[in-house]
Asks: 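Supplied in structure tokens, the structure appears directly below.
Only this structure's heavy atoms are used, side chains among them; waters, hydrogens and symmetry mates stay out. Whatever order the structure lists them in is the order used to number ligands and atoms, beginning at 1.
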Amino acid sequence: MQYISTRDTGATPASFTDILLGGLAPDGGLYLPVEYPQLTDATLTHWRQVLNTEGYHALAAEVLQLFVDDIPAEDLKAITARAYSYPKFASEDIVPVTELEPGLLIGHLSEGPTAAFKDMAMQLLGELFEYELARRGEHLTIVGATSGDTGSSAEYAMRGRAGIKVFMLTPAGRMTPFQQAQMFGLDDENIVNIALDGVFDDCQDVVKAISADAAFKSEHRIGAVNSINWARLMAQVVYYVSSWIRATETNDQKVSFCVPTGNFGDICAGHIARQMGLPIDRLIVATNENDVLDEFFRTGDYRVRSSSDTYETSSPSMDISRASNFERFVFDLLGRDAERTADLFGIKVRQGGFSLRDDPAFADAADRYGFASGKSIHADRVATIREVNEKLGVLLDPHTADGVKVARSLAPEIDTPIICLETALPVKFAETIAEATGSEPEIPARFEGIMEAERHVLDLPNDAEAVKALIRERA
Ligand SMILES: Cc1ncc(COP(=O)(O)O)c(C=O)c1O
Ligand SMILES: N[C@@H](CCOP(=O)(O)O)C(=O)O
């Protein structure tokens, strides 16, 4: 499988392992497969059998083989077996699916080492990086941005790995105490935590600015762990497949997914699975008060917000107003028109956004691509956590609660079961859980003592040059 950038009008093909290490495309675009592999009924039947008899890691190897042709199949199998194992993931199913109430299921994506869905891809990325760097005899300097979960997930996946150094940008003061403890409590030689004076979007902009400096990128071998890296999305396609298998008995049954959304990475993987022919009915975008994407799917207007207009909410990991992966979807929506995509995301987004309201393609977002959307605010989130806990005995984290709220509000117009993807565990968001239920969530045994560890973090201004100077000094 070859890959192209969303902004490359020449559609210059690149191989999987090159883009794995390269991250962002040199033109500032994001990589996508030249074409999506197409699933047959026989493949779905085979995959159903593989998941049921050999487990999640074996299914992952099957899915990945469709996207990766420059790693031998046997090696890929060993890689997925290392990435998705029990008890590293707290459930032997890796991604269990349970019924919350009739017609609404939960896909549990947060059983991994850091209790967030990011582990699903990051555990694989750690294995892939180490494998490919050893094969090439190279090293990688990862520069990442987090609103709270990508950071710890990446650091747990990369700590102690040969040839990898991680510089992680966090929005100063915006993460929960548990999220801070998870990251800043690490004292590994190859991990550098940075508290940047800005919001997540500023951190993400700095990452992109550093990647856009071709000389610096090449000199320091800069790579990416954010969902701008195609491998993150590829790994996430697997749990759409496994969740569909677990929720159905035959291949003609469809399900819908409701996905708490910030950087549009999780749901973009669902879009790709649907484009491959996985029987997905609707893809529901659930946003918090930072509702740029909900507004787009309702109106066709994509109005990015400034940092000062990005609200600090009680589902903080979704406090994002410039969603990177939205570019991947719009590229598909516009018939893979790279010139237009480059204009919209390279120029118009910097000027405040764009509108597809009058473009015939906009209707396709719902009709052809199955998208729907909704928004959940603090009061909805807290009421949902409280009500689900009291009536159903299930404790949701604030982001998953946003998903459940939106799924319930759209359920009357959707004919298929909805799987709401659980994106984190409550333990990370104690304050909001206490507000909703009157008591703080229990700390699972594997996180005991985490709050007491000494903190390791450097303060920096919101300035790519300052981050580059630190990388020069420490890499
Ligand atoms: C807990 C949690 N939920 C939801 C999201 C949204 O995921 P995405 O950015 O892939 O849309 C994130 C991160 O952005 C997250 O950390
Ligand atoms: N929610 C994320 C921010 C988005 O990061 P991405 O790596 O998924 O692009 C976080 O918690 O850091």
Side-chain angles (χ1 to χ4, degrees), residues 23-24 30 107-110 112 114-122 125 142-155 157 166 168-171 174-176 178-180 182-183 193 196 199-205 207-208 224-233 235-237 239-240 257-272 283-288 290 292-294 310 313-329 373 376 381 396-404 406 420-429 432:
L24 201 64
L30 303 181
H108 297 268
L109 303 181
S110 310
T114 67
F117 84 97
K118 311 284 175 174
D119 292 330
M120 294 308 309
M122 218 62 88
L125 229 64
I142 288 165
V143 187
T146 187
S147 56
D149 296 318
T150 292
S152 54
S153 177
E155 293 182 355
V166 179
M168 189 56 66
L169 309 178
T170 70
R174 290 238 181 182
M175 303 192 309
T176 67
F178 190 91
Q179 289 175 317
Q180 292 183 39
Q182 276 185 306
M183 291 182 65
N193 287 310
L196 200 84
V199 300
F200 168 77
D201 294 313
D202 298 317
C203 297
Q204 184 162 247
D205 284 350
V207 168
K208 289 182 177 174
V225 282
N226 281 101
S227 55
I228 53 178
N229 190 322
W230 159 257
R232 283 273 311 275
L233 267 66
Q236 291 172 187
V237 168
Y239 57 69
Y240 281 90
F257 285 92
C258 182
V259 189
T261 304
N263 217 10
F264 207 76
D266 198 354
I267 199 152
C268 192
H271 159 69
I272 290 156
L283 287 167
I284 306 165
V285 170
T287 72
N288 66 11
N290 296 298
V292 181
L293 293 166
D294 176 43
T310 299
T313 76
S314 49
S315 46
S317 302
M318 303 197 317
D319 291 348
I320 298 174
S321 295
R322 294 195 287 278
S324 285
N325 287 285
F326 187 55
E327 174 166 348
R328 284 186 162 115
F329 170 66
S373 79
S376 163
R381 183 174 309 130
L396 300 172
D397 97 283
H399 307 76
T400 313
D402 286 335
V404 167
V406 170
C420 180
L421 294 182
E422 169 219 77
T423 52
L425 293 188
V427 65
K428 303 185 94 161
F429 310 98
T432 306

Asks: Could you work out, with salt bridge (Lys or Arg N to Asp or Glu O under 4.0 Å) as the rule, every residue matching Asp205, not counting sequence neighbours?
Replies: Arg322
Asks: Please list, chain by chain and in numerical order, all residues satisfying salt bridge (Lys or Arg N to Asp or Glu O under 4.0 Å) with Glu422, sequence neighbours excluded.
Replies: none
Asks: Is the shortest side-chain heavy-atom distance between Val199 and Asp319 below 4.5 Å?
Replies: no
Asks: Would you indicate whether the side-chain heavy atoms of Gln179 and Ser317 approach each other to under 4.5 Å?
Replies: yes
Asks: I'd like the residue list for ligand 1, meaning every protein residue with a non-hydrogen atom under 4.0 Å from the ligand.
Replies: Phe117, Lys118, Asp149, Pro260, Thr261, Gly262, Asn263, Phe264, Gly265, Asp266, Ser317, Met318, Ile320, His399, Thr423, Ala424
Asks: Are any side-chain N or O atoms of Asn226 and backbone N or O atoms of Gln204, one a donor and one an acceptor, separated by less than 3.5 Å?
Replies: no
Asks: Between Thr287 and Thr261, is there a donor-acceptor pair closer than 3.5 Å when you use the side chain of the first and the backbone of the second?
Replies: no
Asks: Could you verify whether a donor N or O on one side chain and an acceptor N or O on the other, from Ser110 and Lys428, lie under 3.5 Å apart?
Replies: no
Asks: Heavy atoms only: give me the nearest Asp266-Leu421 pair and the separation to one decimal.
Replies: OD1-CD1, 3.8 Å
Asks: Can a donor-acceptor pair be found between the side chains of Ser373 and Asp294 at a distance below 3.5 Å?
Replies: yes
Asks: Ligand 2: which residues have a non-hydrogen atom closer than 4.0 Å?
Replies: Lys118, Thr146, Ser147, Gly148, Asp149, Thr150, Phe200, Asn226, Ser227, Arg232, Asn263, Ser317, Ile320
